[in-house]
Every structure is written in structure tokens, then in C-alpha cells.
Amino acid sequence: MKDRILVRGGKSLSGSVWVQGAKNSALPVLAACALNGGVSVIENCPGLSDTEAMLDILRYIGCRVTVKANTVTVDSSKLKRWDVPRELMHRLRSSIIILGALLARTGKAEVSGPGGCELGARPIDLHLSGLSSLGVDVRYSDGTIEAVRNGTRGGEVVLALPSVGATENLMLYGTCCREGVTVVNAAREPEICDLGAYLSAAGYAVEGVGSAVVRVARGRGTKRHVVHRIIPDRIVSATWLCAVASAGGEAELINTPADYLASVSGVLSRAGCRIAGTEKGIYVCRKGRLRAPGEVIRTGPFPCFPTDAQPLVSSVLATAAGTTVVEENMFENRFSHLTELCRMGADVKLRGKYAVINGVDCLDGRTVTSHDLRGGAALVVAGLSARGETAVLDMGYIDRGYENIVETLRSLGADVERTEDRAIN
Ligand code: EPZ
């Protein structure tokens with residue numbers, strides 16, 4: 001969808017927001033619903049273009065899917081296909097997680113490489129070499145992956161880096177292995193724990209999620225009826241924290257465990273925001289001008305500073321007094337929003353994986369373009385504090401990860417609207 005968001009900056013925010021379920025949990029959990037040959041009821045599932053794309057993949061392979069508000073029911077008893085066409089795979093990055101699910105359920109899979117946001121090279125070598133080392137025959141040529149299981153041996157895979165997606169694919173594959181699959185140097189993100197919780201509820205044996213060694217095995221008996229509730233989205237929470245930090249004002253985020261966000265709230269607190277845990281979630285308040293937090297912001301795997309929050313926080317720091325250095329260690333193309341921010345008057349020098357942000361007094365509204373999901377949201381965050389009107393083009397990226405970004409910001413008092421994309425300048 002080519003719509004744009006118009007933000008008229010300068011309104012401070014106030015109120016409370018309910019935080020949606022986590023996209024990066026919902027997608028692998030939905031892929032996992034293909035495993036049990038029964039019914040999975042997934043609550044708090046965010047209504048996003050990415051979740052819709054994953055549901056289309058499930059429908060294609062023969063699952064019955066019903067969606068009622070934020071509850072999705074997947075019946076995988078009639079699953080009949082092990083192939084997924086390229087046009088479905090290309091709609092999102094997490095489509096690749098269906099590979100582990102199909103191999104575990106049907107013993108084979110024929111899929112293409114995934115799509116998703118352009119954050120630079122996003123290889124899947126660790127997914128494929130991990131499966132291969134477990135005895136799966138994997139052929140990847142011309143963008144098509146053909147994989148066939150040889151028995152259900154299982155074993156140990158040591159990941160060269162703690163890839164979220166590779167950990168998830170190997171966990172799903174582990175569900176068919178009697179001895180299980182042990183992933184060493186596994187990702188430790190909360191979304192991995194959520195996938196582990198779904199798999200446990202479905203009767204598989206799961207150990208170690210949240211640590212660097214995760215083991216998933218077939219378990220004592222698959223449950224044909226599973227109910228699971230998706231955890232809150234920590235990056236969406238970070239977005240609302242940054243919205244308040246940018247616009248000024250105060251808000252309470254309901255349904256957000258504060259410990260998911262420690263690294264992000266730490267930086268915002270040191271920049272001058274007041275952030276505190278409440279009974280229901282997190283309170284944030286920003287009065288007066290922020291200052292540079294006085295540390296290099298280094299992105300890394302959980303529990304380090306999340307790469308997904310980096311664009312949002314850099315938007316906030318673009319107007320904080322002083323200089324901040326950001327080191328992006330996860331993706332090579334995660335500074336594209338900064339080039340757009342410079343068009344709004346930000347003072348940013350880019351050098352490889354480093355961005356040096358010299359805070360300016362104020363940004364000016366301009367027409368800017370989203371190049372990826374979080375970069376797009378970061379431009380909206382910047383627009384909240386900018387003088388005049390900011391138009392953020394290519395909202396389709398933002399729709400991948402935010403259920404109601406415009407409505408939520410409006411409920412906090414921001415002057416934001418969504419319009420059809422047409423030339424206005
Ligand atoms: C997940 O992507 C998230 N997506 C991303 O969120 C997030 O930015 C990322 O993890 C890091 O936290 C989903 O969960 C759907 P990775 P994923 O495999 O699984 C390299 C958002 O905005 N790598 O942990 O694709 C890779 O290039 C999205 O919501 C390999 O080299 O991330 C990257 O540098 C964007 N080979 C690093 O590992 C591989 O086989 C981490 O990637 C796999 C990854």
C-alpha cells in the first residue's frame with residue numbers, strides 16, 4: 001500500500017496506550033501451528049500485513065484459518081502441501097520459518113528464499129547448514145530450496161551467531177526428532193521464549209529457551225488443541241516511548257513488561273526522560289530538551305540494544321543536545337532513515353557501521369520516504385517534534401509491523417493522518 005502519513009509536529013502527547021501483540025513472536029508461532037495436526041488458538045495476534053501473509057501461506061498448504069479480531073484459529077489437520085510458491089514466500093522474511101515446520105510435519109519442503117524489509121544482505125545460510133548438519137538433504141539453487149528429511153535423527157547445531165530465524169527454524173525441526181535438536185549459541189530474544197511456550201503447550205519437549213542452549217524434542221504426545229497468547233511487542237513499546245521522548249509529554253504503556261525494554265529505556269532515561277515501571281506497564285515522561293545519553297549505542301543480540309529500536313532512538317537523539325555515536329552491528333542497511341532525517345535538518349555523519357548524530361535544536365517537516373518498517377516509524381517519530389508538516393511516504397512498510405500507528409498516536413493527542421499517496425509538493 002502506497003499511502004502516506006502526514007504528521008504536523010509540535011503537539012505534546014498524553015494518555016495511555018495498549019501495546020499490540022509481538023509481530024516477531026506471532027509469525028514463528030503461526031508457522032508452528034502447521035505442526036500438530038490439530039487446532040491452535042492464537043490470542044493477541046496482531047493484525048498486520050505480515051501476519052496476513054503468513055496466514056495465506058498456512059491456507060495454501062491446507063490449513064483452515066479463521067480470524068476474529070486478534071484471535072486466530074489454525075486447524076492444520078488437513079495440511080496437504082509441502083511447497084510454497086515464490087509470490088507467497090516473498091511477501092515477508094519470516095516465511096522461511098515454514099521450512100522447519102514443513103520438514104517436521106511432512107518430511108519435505110519446497111520453498112523459495114524469503115522476502116522482507118531491505119536491510120542489506122540477509123542470508124539464510126545458518127538455517128540451511130543447520131538443517132543439513134542434522135541429516136536433512138538441502139538443495140538451494142535459482143532461489144528455490146528443496147529439502148528432504150532423512151529419518152528423525154536430530155543432534156546438536158552450533159550457530160556461528162545467535163540468529164533469531166535460524167534458532168526458530170531449528171526449534172521447529174526439533175519437534176519431529178525423538179532425541180531432539182540442541183541449538184548452541186541460540187538467540188535469546190523474548191520472542192524465542194514465546195515460541196518455546198507455544199511448543200511446550202503443544203506437547204513438545206522444550207528446554208533452555210532464553211539461554212544460549214535450547215533443546216526441542218518430540219516429547220511425550222502432541223496436543224491436538226492448543227491455546228496460546230502472544231507476548232506484547234517490545235519494539236512497538238519502544239516506538240511509543242520514543243514518540244513521547246520526541247514530542248514531549250507523558251504516557252503509560254499498558255501491557256508492556258519493563259524488563260523487555262531495559263536497554264532502550266536505559267538510553268532514553270540517560271537522555272533525560274523519566275521512565276518507570278507501573279502496575280500495568282511502563283510510564284514515560286519527557287519535559288524540557290533531551291541531552292545525548294553520553295554512551296555509544298551499540299546494537300546487538302538480546303539483551304543488547306535491539307537493532308529494531310535503533311532507528312527510533314536515533315530519531316529522538318537527532319534533537320538532543322550534544323553528540324551521540326550509534327554503532328549498528330546487525331544489519332548493513334539500517335541507517336537509511338538517517339539520510340531522510342538529514343533532509344529534515346538533522347546533522348548526521350555516516351561512516352560504515354557508525355552514525356555520529358549531532359543534536360540540532362529542531363527538525364523541519366519535509367516529504368520523506370520509508371525504506372523499511374522501523375525506519376518508516378522512526379520518520380513518523382521525528383515528525384512529531386518537527387516544525388510544520390512531515391509526509392512519510394510508503395506506509396506499506398509501516399503496516400508490516402504496526403496495527404494502528406495513526407490511531408494510537410492520535411489517541412495520545414498527536415496531529416497525524418493517513419492519506420492516499422499523491423504528489424502534494
Ligand atoms: C529477526 O530477523 C527479526 N525478524 C528482525 O526484526 C530483527 O531485526 C532481527 O531478528 C535481529 O533482532 C523477525 O523476527 C521476523 P537474524 P532475523 O537471523 O531472524 C545474520 C523487524 O523490524 N544472519 O537474527 O532475520 C543476519 O544477516 C525485523 O521487526 C546470517 O549471517 O534476524 C544478521 O546480520 C527486521 N546468516 C544477523 O545474523 C543467517 O543464516 C541477525 O539476523 C541468518 C542470519
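Both ligands and their constituent atoms are indexed starting at 1 by order of listing.
Of the options I192, L161, L27, the smallest heavy-atom separation from atom 37 (C) of ligand 1 is shown by L161. Scanning F331, Y397, F302 for the heavy atom closest to atom 42 (O) of ligand 1 points to F331. For atom 12 (O) of ligand 1, the choice among E189, H127, E191 with the nearest heavy atom turns out to be E189. In this comparison of S95, P123, S94, P306, the heavy atom closest to atom 43 (C) of ligand 1 sits on P123.
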Please test T299 against E328 for side-chain hydrogen bond (donor to acceptor under 3.5 Å, both in side chains), starting from the C-alpha separation and ending with a verdict. CA-CA 5 Å; T299 66; E328 172 54 57; 3.3 Å; yes
Side chain to side chain contact (heavy atoms under 4.5 Å, CB included) evaluation trace for T390 with V368: CA-CA 7 Å; T390 301; V368 287; 4.0 Å; yes
Intermediate values then yes/no, side chain to side chain contact (heavy atoms under 4.5 Å, CB included), C304 and F302: CA-CA 5 Å; C304 297; F302 190 83; over 6 Å; no
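With a 4.0 Å cut-off on non-hydrogen atoms, D125 touches ligand 1 through its backbone as well as its side chain. In E168, neither the side chain nor the backbone holds a heavy atom less than 4.0 Å from any atom of ligand 1. Here L373 has side-chain heavy atoms under 4.0 Å from ligand 1, and that is the only part of it that gets that close. Contact annotation: for T307 versus ligand 1, heavy atoms closer than 4.0 Å belong to the side chain alone.
When only interatomic distances are considered, the shortest N/O to N/O separation between A166 and ligand 1 does not fall below 3.5 Å. Considering backbone and side-chain atoms alike, N24 places an N or O below 3.5 Å from some N or O of ligand 1.
Checking R351, K353, R334 one by one against E327, the salt bridge (Lys or Arg N to Asp or Glu O under 4.0 Å) holds for a single residue, K353. Across V326, N358, L268, I297, a single residue satisfies side chain to side chain contact (heavy atoms under 4.5 Å, CB included) together with L317, and that is I297. Each of R8, R4, R410 was evaluated against E417; a single residue qualifies, R8, per the salt bridge (Lys or Arg N to Asp or Glu O under 4.0 Å) test.
Every atom of ligand 1 with a heavy atom of I124 under 4.0 Å away is listed here by number and element: 40 (O). Shown in contact with M330 at under 4.0 Å from a heavy atom are these atoms of ligand 1, numbered in order with element: 33 (C), 34 (O), 41 (C). Applying the 4.0 Å criterion to heavy atoms of R334 picks out, from ligand 1, the atoms 8 (O), 22 (O), 35 (C). Near R374, meaning under 4.0 Å from one of its heavy atoms, ligand 1 places the atoms 21 (C), 22 (O), 29 (O). Of all atoms in ligand 1, listed by their number and element, those nearer than 4.0 Å to a heavy atom of K23 are 21 (C), 29 (O). Atoms of ligand 1 found under 4.0 Å from any heavy atom of G165 (numbered from 1 in listed order, with element): 18 (O), 19 (O).
Within 6.0 Å of CZ on R64 lie no more than 12 heavy atoms contributed by other residues, nucleotides or ligands. Within 6.0 Å of atom CZ in R343, more than 12 heavy atoms from other residues, nucleotides or ligands are found, so the atom counts as buried in its surroundings. Counting heavy atoms of neighbouring residues, nucleotides and ligands inside a 6.0 Å radius, atom CD of E179 does not exceed 12 of them.
Counting all heavy atoms, side chain and backbone alike, R93 lies closest to H127 at NH2-NE2, 4.3 Å.
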